[in-house]
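Just so it is clear, the structure is predicted and the values come from calculations on it, not from any experiment. Lettering of chains follows the sequences in order, A, B, ..., and the numbering in each one begins at 1.
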Number of protein chains: 2
Amino acid sequence: MITVAIAEDHQALIDGIQSYVRYEEDIKIIGHANNGEELLKIVRLKQPKVVLCDIRMPKLDGIEATKIILKELPYTKIVAFTMFDQDEAVKQMLGAGAHGYILKNSSLDVVLEAIRVVATGKTFYDRKLHLPNTQKNSSKSVLSSREREILQLIAKGRTSHQISEELFIGKSTVDTHRKNMIRKLGLSGAGELLRYAVEKKYEF
Amino acid sequence: MITVAIAEDHQALIDGIQSYVRYEEDIKIIGHANNGEELLKIVRLKQPKVVLCDIRMPKLDGIEATKIILKELPYTKIVAFTMFDQDEAVKQMLGAGAHGYILKNSSLDVVLEAIRVVATGKTFYDRKLHLPNTQKNSSKSVLSSREREILQLIAKGRTSHQISEELFIGKSTVDTHRKNMIRKLGLSGAGELLRYAVEKKYEF
DNA sequence: AAAAAACTAGGGTTTTTCCCTAAAACTCAA
DNA sequence: TTGAGTTTTAGGGAAAAACCCTAGTTTTTT
């Protein structure tokens, strides 16, 4: 029997998972929390084999919670369950010691699979995830890494001139990158690119 | 029998809801989509009585989708189902004609309740929601309604010139509004305003 | 080694924003 | 109802930013 605790901001999703798991004979959900602090209490008390854990949570986020849990109870297996498919989020969560990483836009079957896999001591990464191998993926993306770097700054509302100063390159260079990105992405104008940049930060 | 379509970015949540609703005799989920465009197709084809709709979705957001659906099929009841408990999101969704608004951190029982209530023609607002007093809030807002209207268009990446044509006013007028908003919000430059506009649309 | 892609950049043109000023319309309270 | 304050409207010119064309250098891929 695999005992599981869920930490998840959205009660609706917890309810859904519980309903879905109810008739699985090998998995039992022994507790759930809506924030990181609650999760810690539950884990200390009930010592689940697997923790399913959102990254964005009130009070204590999933990354910090993971570190604390693994320090206190190193045999706990932790699966990150989140909407973020971003370099930083994945990197930090894995850095904290998570054993699996699945995305909320995957089906609940993937969740069950992940729980079963990490329970055996193996790791599990969502097939939709495209960035643990940071090297290869950067080349597959439409935008080059330099372009993405510049896009990050554009997303903050910076102008080409400001960006050129931050990156120690010429304004014209930033302009060129900007132009290329607009072309690659099929956009028209600086405004649309900025909009794209801000929205894509959260990986729609 | 209440027929329901779900539009939701996160497949995991759709699976959960479907599992949860399976044994409810009066509610039947006849389709689900992971983005706004898919939702439109399903709604046109199957004409559900109730649509459960996330705000943030790829391709077409919940607000735009709601407007389109209600124009084509005015008897459809739409419930916004989202993580955002923010003025702007609620206001816009209700402005688009939504009949209910529930939060993802409420339990799935609330979802069922909302579906049943709006199906009878009534409206349903999550108890956790704390801003239906639209009058007071809009006057309390820093920006005037015209300014917010323009900010909407700025958020789409439009230039002052484009906005002036859409609103049938002079470019200089849009410029002035833009300048006043930058001042009121304590920002510097068009880029930061655009960033603000895109982010604050859903108040992340 | 050649080809392709990425990164760099200058200079000139066009577009957009920014700034100052100001009038008409509307709002709300004295 | 008068008057002060706010909102919406707008012009013209200066400044800034973006856009376009071209092109050399470096890096990566084939």
Next on the checklist: On DNA chain C, compare the nucleotides closest to A/Gly170 and A/Lys184; which residue's is nearer the 5' end?
Outcome noted: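 It is A/Lys184, whose closest nucleotide lies nearer the 5' terminus.
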Item to check | Note, A/Ile115 side chain near A/Phe124 side chain (heavy atom, < 4.5 Å) | outcome: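 Not in contact.
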Ignoring backbone atoms, test whether [X] places a side-chain nitrogen or oxygen under 4.0 Å from the OP1 or OP2 oxygen of [N].
X        : N      : result
B/His177 : D/dT9  : yes
A/Ser160 : D/dA18 : yes
B/Arg146 : D/dT9  : yes
B/Ser172 : D/dG11 : yes

Give the rounded distance in Å between these two atoms: [atom1] of [X] and [atom2] of [N].
X        : N      : atom1 : atom2 : answer
A/Leu167 : C/dA9  : CG    : P     : 11 Å
B/Asp175 : C/dC19 : CG    : P     : 11 Å
A/Ile163 : C/dA9  : CD1   : C1'   : 16 Å
A/Ile150 : D/dA17 : CD1   : C1'   : 16 Å
B/Lys171 : C/dC18 : NZ    : P     : 10 Å
A/Glu192 : D/dC19 : CD    : P     : 10 Å
B/Arg178 : C/dC20 : CZ    : C1'   : 18 Å
B/Leu193 : C/dC18 : CG    : P     : 8 Å

Checklist entry - Base, sugar-phosphate, or nothing for B/Thr173, non-hydrogen atoms under 4.0 angstrom? => result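 If one applies the 4.0 Å heavy-atom cut-off, B/Thr173 turns out to touch a base.
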Item to check | B/Ile55: which of B/Asp9, B/Thr66, B/Thr82 passes side-chain contact (heavy atoms from CB on, under 4.5 Å) | outcome: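 Single pass found, and it is B/Thr82.
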Next on the checklist: For a quick check, tell me whether the side chain of B/Thr176 and the base of D/dA10 share a donor-acceptor pair closer than 3.5 Å.
Outcome noted: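 Counting by modelled atom types and ignoring angles, a donor-acceptor contact under 3.5 Å is found here.
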Checklist entry - Among D/dA18, D/dT8, C/dC18, which nucleotide sits nearest the side chain of B/Ala190? => result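 It is C/dC18.
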Checklist entry - Which of the following nucleotides, C/dA9, D/dA17, D/dC19, is nearest to the side chain of A/His161? => result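 That would be D/dA17.
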Checklist entry - Is the side chain of A/Thr176 donor-acceptor paired with the backbone N or O of A/Ser172 at a distance under 3.5 Å, no angle test? => result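 Checking the backbone N and O of A/Ser172 against the side chain of A/Thr176, a donor-acceptor pair under 3.5 Å is found.
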Item to check | Side-chain ion pair, A/Arg116 and A/Glu24, N-O less than 4.0 Å | outcome: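 Looking at A/Arg116 and A/Glu24, the cut-off is met.
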Checklist entry - Side-chain donor-acceptor pair under 3.5 Å between A/Asn34 and A/Gln11, yes or no? => result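 There is such a pair (donor and acceptor under 3.5 Å, judged by atom type) between the side chains of A/Asn34 and A/Gln11.
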